[in-house]
Participant: 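Pasting in a structure now, in structure tokens, and then I'll have a few things to ask.
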There are 2 protein chains.
Amino acid sequence: MGGPKLPEQERCDAILAAAYQIALTEGLDAVTARRVATAAGISPGLVFFHFQSKDGLLQALLDVLLDGTLDALTDPDLAKRAPWDRLEGMVRVELERLAEYHASVELLFAFYFSRREDLFRDRIEVSFGRYLEAFVPVCREVTAGTARSGDDLAATVVALIQGASIHAIRNPSSFNPEALLSTMQAFRPLR
Amino acid sequence: MGGPKLPEQERCDAILAAAYQIALTEGLDAVTARRVATAAGISPGLVFFHFQSKDGLLQALLDVLLDGTLDALTDPDLAKRAPWDRLEGMVRVELERLAEYHASVELLFAFYFSRREDLFRDRIEVSFGRYLEAFVPVCREVTAGTARSGDDLAATVVALIQGASIHAIRNPSSFNPEALLSTMQAFRPLR
DNA sequence: CTGATCATTGATCCGGTGATCAATATAAGG
DNA sequence: CCTTATATTGATCACCGGATCAATGATCAG
């Protein structure tokens, strides 16, 4: 018994990477201590040594997922353009990311809909909330001076993106960001 | 052993009702043969006698769910109004149904994201496809004579409704159909 | 009434899962 | 080199879920 030792951080990362991989390819239910351990080339007991419980492992996995999926809020360098162009650019970035990361987004939804414990849902809700908030300021700028509400526009835009992600998950090959973007032009203020 | 006898159909319905109830209130994972049997007041073996396997039970449950959730495509009597009014009416009906049936919709998503077998996904995809198709004709009418594409509009509208359902699931009390409907006015052709 | 068919029961088997733990190997400090 | 703290192993436990099945109860045709 016993075996080669690795620094805490590195081992945890390796375990998480294995769990992530399994979750992506075979679904959340396939993430069991034994399978993760086998995939990571370690013994099952070690998973609990580092993460206490399976819930602990899933919590950590969810954190990784949220960090890598819902943080593209930080606009790129092109931050100072006209409000509408900025909004359109943000939506475009998000939609194009979907085509690439749809598997991660799918996993996120799997977390949300199959692990209903508050522990998980609360974190996801907070992230969703932050996601919405990232769109509010620019939407308010866009609707300034019109009769429309910036908050409503933000809610609509986010609903659109989330609905689009379901499409991207269902049928990635037929998913086309341009179709949504062109329809979205209708939101542009006429002025 | 042995017990009161019931006609096949009735027993199956009772089992399905129990399964549905458990799934709605405690999630899909809580739907086990034993729990369903207890809830239905019968013996565990009977579940398999009537549904062969757990997959069989879940298939039947999914059918019930799809029938009750994604079939509101049949427009009400107010079928012959102007295209835009018709589209707006359809969206309104769907959004208002969300507020009432969000638990069923949540269950539908749970099916989709946690049971990844083709057996389940294919049926859901077909239903989603039909759902989209129900919006295509009216969207084409709406965009006729404009530069916009009816199919793109339909895809956008469906994405919007599905995104809205996620909102309705996350936070039913803060879900307000009117916000989306008013923003959607932007899609109305100017003409 | 009788026998055949169907519905029902509940005990039981088997596999997989989360979790625990004593034993052991490794690394670091004096 | 010895000691101490920390990783790591792999066997093992208890539990639960799907599935099976012999035994038994109900129902009905003849």
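Computation of the quantities below employed the complete heavy-atom set of this structure, encompassing side-chain atoms and omitting hydrogens, waters and symmetry-equivalent molecules. Residue numbering restarts at 1 for every chain, and letters A, B, ... go by the order of the sequence lines.
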Participant: Taking the side chain of L46(B) as its heavy atoms from C-beta onward, which of dT9(D), dA19(C), dT9(C) lies nearest to it?
Facilitator: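 Among the listed nucleotides, the one closest to the side chain of L46(B) is dT9(C).
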Participant: With a 4.0 Å cutoff (strictly under), does any side-chain N or O of R11(A) reach OP1 or OP2 of dT8(D)?
Facilitator: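 R11(A) to dT8(D) OP1/OP2: side-chain N or O found under 4.0 Å.
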Participant: How many whole angstroms separate atom CZ of F51(A) from atom P of dA7(D)?
Facilitator: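 Atom-to-atom, F51(A) to dA7(D), this comes out as 13 Å.
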Participant: Mind telling me whether H167(B) and F175(B) have parallel, tilted or perpendicular rings, with 30° and 60° as the class edges?
Facilitator: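 Because their plane-to-plane angle is over 60°, the rings of F175(B) and H167(B) count as perpendicular.
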Participant: Given atom CD of Q9(A) and atom P of dA7(D), what is their separation to the nearest angstrom?
Facilitator: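 Nearest whole value for this atom pair: 12 Å.
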Participant: Between T32(A) (side chain) and R35(A) (backbone), is there a donor-acceptor pair under 3.5 Å?
Facilitator: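 Pair found, side chain donor or acceptor close to backbone of R35(A).
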Participant: Can you list the steps and then say if I166(B) with I166(A) is a side-chain contact (heavy atoms from CB on, under 4.5 Å)?
Facilitator: CA-CA 10 Å; I166(B) 294 178; I166(A) 293 177; 3.9 Å; yes
Participant: Please evaluate the base of dG16(C) for a donor-acceptor partner in the side chain of R34(A) within a cut-off of under 3.5 Å?
Facilitator: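 Checked by distance alone, the answer is no.
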Participant: Mapping A30(A) and Q52(A) to their closest nucleotides on DNA chain C, which lands nearer the 5' end?
Facilitator: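 This one resolves to A30(A).
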Participant: Expressed in angstrom and rounded to an integer, what is the separation of I15(A) atom CD1 from dT9(D) atom P?
Facilitator: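 Going from I15(A) (CD1) to dT9(D) (P), I get 9 Å.
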Participant: Rounded to the nearest Å, what distance is computed from the CD atom of residue Q59(A) to the P atom of nucleotide dG18(C)?
Facilitator: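 The distance from CD of Q59(A) to P of dG18(C) comes to 15 Å, rounded to the nearest Å.
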Participant: Write down the distance between CG (D29(A)) and P (dG16(C)), rounded to a whole number of angstrom.
Facilitator: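 These atoms are roughly 15 Å apart.
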Participant: Can a donor-acceptor pair under 3.5 Å be found between the side-chain atoms of S43(A) and the base atoms of dG10(D)?
Facilitator: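 Indeed there is one.
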Participant: Please state how far atom CZ in F49(B) lies from atom C1' in dA22(D), giving the value in whole angstrom units.
Facilitator: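 After rounding, the gap between these two atoms is 14 Å.
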Participant: Quick one: sort the F113(A) and F113(B) rings into parallel, tilted or perpendicular, breaks at 30° and 60°.
Facilitator: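 Parallel: the ring planes of F113(A) and F113(B) meet at under 30°.
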Participant: To the nearest angstrom, how far is H50(B) atom NE2 from dC6(C) atom P?
Facilitator: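 The distance from NE2 of H50(B) to P of dC6(C) comes to 13 Å, rounded to the nearest Å.
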Participant: Round to the nearest Å and state the distance from F48(A) atom CZ to dT20(C) atom C1'.
Facilitator: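 One finds 10 Å between C1' of dT20(C) and CZ of F48(A), rounded.
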